[in-house]
Amino acid sequence: MEKDLKAQQRAITQRTVEVLPLPELKRKIEKAVKANKPLNVKFGVDPTSPDLHLGHAVPLNKLRQLQDLGHMVTLIIGDFTARIGDPSGKSATRPQLSEGEIRKHAQTYTQQAFKILDKDQTKVVYNSSWLSRLNFNDLIKMAAKFTVARLMERDDFSKRFKENTPIGLHEFLYPVMQAYDSVVIKSDIELGGTDQIFNMLAGRDLQEKDGQEAQVVLTVPLLVGTDGTQKMSKSLGNHVGLTEPPKEMFGKIMSIPDSLMIDYFKLCTRLTDEEITKIEKGLKSGKLHPGEEKRSLAKHIISIYYDRKQADTAEAEFDKVFKEQQVPSDITEVKVSSNKMWVVKLLVETGLASSNGEARRAIQGNSVKLNSKPLDDVNAEIDIKSGDVLQVGKRKFVKIS
RNA sequence: GGGGGGAUGCCCGAGUGGUUAAAGGGGACGGGCUGUAAACCCGUUGGCGUUGCCUACACAGGUUCAAAUCCUGUUCCCCCCA
């Protein structure tokens with residue numbers, strides 16, 4: 001374990017939004033170092049989506065950093081809570097998942113999370129193993145420790161209430177359960193995105209009422225998605241998946257707004273504060289070109305999940321397609337039912353358009369090319385041979401096999 | 001338990017008998033400009049081999065030459081009173 005208290009503290013609080021409360025964190029660190037006993041860091045995830053993206057990676061990176069300092073992570077798979085769905089930041093009740101889905105998601109989740117976390121310093125637990133054993137009595141006792149007024153202070157709830165969208169009673173119970181998780185695992189620190197503050201503070205309350213030492217709450221920023229406005233999430237389609245091919249990652253990262261670059265550097269790469277400050281200053285003064293820095297950002301990120309070489313390949317591929325307007329090297333190949341076909345049908349059959357209407361519109365909108373030559377006749381009958389490359393827009397390609 | 005209001009396309013939202021595949025906005029997609037950035041400009045945004053036809057305004061029926069618009073029932077949501 002890192003013995004230097006100052007270094008510990010600096011590292012733990014680095015790139016976080018809030019530490020609640022800071023003095024307690026100092027105390028905990030001191031105690032841990034003195035006794036050479038790692039802190040138990042709680043991190044809860046709801047296995048609601050099977051794929052992790054850069055947004056999930058933000059807290060995971062932080063956890064890894066804590067592990068590198070010598071601490072233990074307890075990764076709680078919220079297989080029980082997932083059945084409810086965290087209301088945090090949501091404007092509507094979430095659909096409830098089936099047990100089968102949850103199991104499956106949990107598996108891919110941990111698999112992907114270990115791309116970042118250290119297995120030896122991680123304990124994986126499922127909260128159904130204790131939550132499902134509680135009876136109504138236990139629940140009432142716990143629920144009595146929270147007030148409706150307190151719950152309604154939450155932005156998401158009060159907003160939904162004001163807007164007349166329904167709030168399920170079970171959603172009120174979500175923070176209660178998450179808090180109970182903290183009691184069960186006796187966490188020292190709970191880490192989460194800023195949207196988790198309420199739930200995590202509830203954990204402190206419950207621990208205290210249970211006679212335990214309360215956990216310290218550590219929040220990390222929420223990563224904004226590639227659209228530049230909303231929190232990264234798969235359902236909004238603004239995510240960069242951790243298992244996506246390097247080429248895709250590169251393209252997506254290049255499309256983020258400039259204003260997001262520094263955030264991404266801070267939250268998604270392993271560059272030091274000094275390095276990032278240098279880039280930030282360079283960009284501000286105009287010494288550095290944003291396009292170039294974004295490339296470097298993309299390569300840094302890809303190198304974490306793949307390696308430098310594949311990052312470079314992704315960049316070269318990107319240039320080929322977008323700078324030199326050439327055809328990418330690995331295009332999906334598609335079989336076609338006939339070698340002479342109506343253009344519109346061809347686009348639908350190759351999957352480049354989902355309906356005849358869409359295909360027509362694409363042609364009329366001048367975005368369809370066959371072997372880099374524009375097609376503009378909606379009624380054209382086309383001779384197709386193997387190896388022909390069909391293109392819609394700038395990035396959808398298909399090769400006829 | 002009683003009374004009232006509402007459900008429109010991906011989302012928000014206009015439309016209260018015919019000229020409405022449904023205004024407007026957002027989003028998305030395509031094009032231009034660029035650095036696949038932002039901003040801005042233009043176009044598209046139910047299906048169909050498409051100057052036409054079909055399906056659509058919660059669901060199921062009905063009135064009418066004609067219904068998103070009127071009537072009845074069903075489902076869901078909201079509000080007020082208890």
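Here is the naming used below: chain letters follow the sequence lines, and residue numbers restart at 1 for every chain.
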Specify the closest pair of heavy atoms between A:A362 and A:V392, including all atoms of both residues, with the distance to one decimal.
CB-CG1, 4.3 Å
Just checking A:P290: base, sugar-phosphate only, or nothing, at a heavy-atom cut-off of under 4.0 Å?
base
Remember a base hit wins even if backbone is also touched, and classify A:G393 as base, sugar-phosphate or nothing at under 4.0 Å, heavy atoms.
sugar-phosphate
Does a side-chain N or O of A:R361 approach OP1 or OP2 of B:G46 to a distance below 4.0 Å, or not?
no
Can you classify the ring geometry of A:F265 versus A:H300 as parallel (below 30°), tilted (30 to 60°) or perpendicular (above 60°)?
perpendicular
Of the listed nucleotides B:U36, B:G35, B:G30, the one nearest the side chain of A:H289:
B:G35
For atom C1', what is the distance between B:A66 and B:C77, given to the nearest Å?
32 Å
Tell me what A:Q325 touches on the nucleic acid: a base, only sugar-phosphate, or nothing, going by heavy atoms under 4.0 Å.
nothing
Pick base, sugar-phosphate or nothing for A:K294, based on heavy-atom distances below 4.0 Å to the nucleic acid.
base
Is the phosphate of B:C48 approached by A:S355 (side-chain N or O, under 4.0 Å from OP1 or OP2)?
yes
Within the distance-only criterion (no hydrogens, no angle test), does the side chain of A:Q67 pair as donor or acceptor with the backbone N or O of A:V73 below 3.5 angstrom?
no
Contact class for A:L260 (heavy atom, under 4.0 Å): base, sugar-phosphate, or nothing?
nothing
Give a yes or no on whether a donor-acceptor pair under 3.5 Å exists between the nucleobase atoms of B:G35, that is its base, and the side chain of A:D258.
yes
Look up atom CD in A:Q8 and atom CG in A:L66, then write down how far apart they are to the nearest 0.5 Å.
8.5 Å
Work out how far the C1' atom of B:U16 is from that of B:C70, and round it to whole angstrom.
9 Å
What distance, rounded to whole Å, do you find between the two P atoms, one in B:A28 and one in B:U72?
43 Å
Using Watson-Crick or G-U wobble geometry with both distances below 3.5 Å, tell me the partner of B:C59, or none.
B:G73
